[in-house]
Amino acid sequence: MDLYIDTADTAAWQELMPTRLFKGITTNPLLASRAGLHYPEIDWKGMTKLAADLGAKQLHCQVYGPVESYLDWAGARYEDGKKAGVQVVIKVPLVEPAIREVPKLKSLGGPILMTAAYDAKQMFVATALGADYIAPYFGRMLESGMPAYEALEQMHAIGLRAESRPRILVASLRNTDQMVRLTQIGMDSFTIAPQIARDLMSDANSIAAVADFEAAAHS
């Protein structure tokens, strides 16, 4: 079971990574914008070093802009990761122009994640390309009225039959209950927003029990 923090907010990294609950950190241009960052101006060397210093084993970075720029950009991110001592995973959107660039990106030798998946059929693309991960946007799927649980179950089944099986990294989660239910259909890797990460560590009944323990200890 692997958990990731899904944010570009480094204050959240500094708060949550020291818990050692999380294998790494996932980012994308939208998350960067929410954190007040302009994606083309991000200091990726600094961000990558910070992730490594905080104990992340992986940092997921998403390509952007003209597809012709992907190769150089991804190569620079992999190099940042090597220097910092953290594995960088390059995220590639599941749209045709980006899909066509994946063989070139794979030639760099680093891990690839196919992102923004909304349909089980996209698992065929990820498996055929030999991607290491695929990230379905589970919450968005549910909110658009799609049969999200069924789609992820189908993706899992496709993966079980593939010679090269991408790991399903479930993204766009809305609460911890979804995580629990998804494990019942084979999901074992989740990237979650900071508020969900905090909720994982909090339970009203556990808090009440600890209060009783403390009261008894001092009685």
Side-chain angles (χ1 to χ4, degrees), residues 1-39 42-64 70 73-74 76-78 80-81 84-95 98 102 105 110-118 122-123 126 131-141 148 152 155 166-176 178-179 182-183 187-200:
M1 182 75 67
D2 287 331
L3 302 176
Y4 296 81
I5 299 172
D6 194 32
T7 183
D9 181 356
T10 56
W13 298 7
Q14 292 167 325
E15 171 198 352
L16 294 166
M17 285 303 298
T19 66
R20 295 297 186 262
L21 295 177
F22 303 96
K23 180 176 181 177
I25 299 160
T26 61
T27 65
N28 65 39
L30 183 57
L31 293 174
S33 179
R34 289 173 180 169
L37 301 173
H38 183 47
Y39 206 73
I42 288 176
D43 173 13
W44 285 107
K45 288 183 181 178
M47 292 272 279
T48 305
K49 185 178 185 304
L50 176 60
D53 290 347
L54 291 171
K57 293 182 174 62
Q58 290 186 342
L59 175 64
H60 294 215
C61 308
Q62 186 166 320
V63 293
Y64 74 101
Y70 286 5
W73 191 88
R77 300 293 75 76
Y78 285 140
D80 291 341
V86 61
Q87 185 181 54
V88 166
V89 177
I90 294 297
K91 301 170 64 173
V92 182
L94 276 156
V95 293
V102 172
L105 295 173
I112 298 288
L113 179 148
M114 304 304 297
T115 193
Y118 282 83
Q122 293 170 307
M123 188 66 162
D132 301 273
Y133 299 90
I134 184 170
Y137 279 11
F138 178 78
R140 293 188 184 190
M141 293 165 71
L152 266 65
M155 291 176 73
R167 191 166 187 186
I168 300 172
L169 175 56
V170 186
S172 183
L173 288 151
R174 303 305 189 226
N175 54 60
T176 56
Q178 292 175 348
M179 296 171 64
L182 284 164
T183 62
M187 301 300 107
D188 65 359
S189 190
F190 304 92
T191 182
I192 57 177
Q195 66 268 24
I196 299 176
R198 296 180 190 109
D199 188 45
L200 275 181

Do the side chains of [Y] and [X] get nearer than 4.5 Å, heavy atoms only?
X: P194; Y: L16; result: yes
X: L3; Y: M179; result: yes
X: Y4; Y: I192; result: no
X: P136; Y: M155; result: yes
X: L152; Y: V170; result: yes
X: T27; Y: H60; result: no
X: Y133; Y: V89; result: yes

Distance (rounded to the nearest 0.5 Å) between [X] [atom1] and [Y] [atom2]:
X: Q178; Y: L173; atom1: CD; atom2: CG; value: 5.5 Å
X: I5; Y: K23; atom1: CD1; atom2: NZ; value: 14.5 Å
X: C61; Y: I25; atom1: SG; atom2: CD1; value: 9.5 Å
X: T10; Y: E15; atom1: OG1; atom2: CD; value: 12.0 Å
X: L113; Y: I90; atom1: CG; atom2: CD1; value: 10.0 Å
X: M114; Y: L169; atom1: CE; atom2: CG; value: 13.5 Å

Let me have the donor-acceptor pairs involving side chains of residues 28-38, under 3.5 Å, with sequence neighbours excluded, atom names and distances please.
| residue | atom | partner | partner atom | Å |
| --- | --- | --- | --- | --- |
| N28 | OD1 | L30 | N | 2.9 |
| N28 | OD1 | L31 | N | 2.7 |

For the residue pair [X] and [Y], what are the closest heavy atoms and their distance?
X: A12; Y: T7; value: CB-CG2, 4.0 Å
X: P111; Y: Y78; value: O-OH, 2.7 Å
X: M1; Y: S189; value: SD-N, 4.5 Å
X: A8; Y: M47; value: O-CE, 4.0 Å
X: W73; Y: Q62; value: CH2-O, 3.2 Å
X: I134; Y: Q122; value: CD1-O, 3.8 Å

Under the side chain to side chain contact (heavy atoms under 4.5 Å, CB included) test, residues paired with [X] that sit two or more places apart:
X: S172; answer: Y137, R140, R174
X: L21; answer: T19, M201
X: A98; answer: Y70, V92, P93, V95

In residues 48-57, what donor-acceptor pairs under 3.5 Å come from side-chain atoms, sequence neighbours left out?
| residue | atom | partner | partner atom | Å |
| --- | --- | --- | --- | --- |
| T48 | OG1 | W44 | O | 2.6 |
| K49 | NZ | D53 | OD2 | 2.9 |

_side chain to side chain contact (heavy atoms under 4.5 Å, CB included) partner of F190, chosen from D6, I196, T183, D2_ = T183

*Which residues share a ring-ring contact (aromatic ring centres under 6.0 Å, His included) with F22, sequence neighbours left out*: none

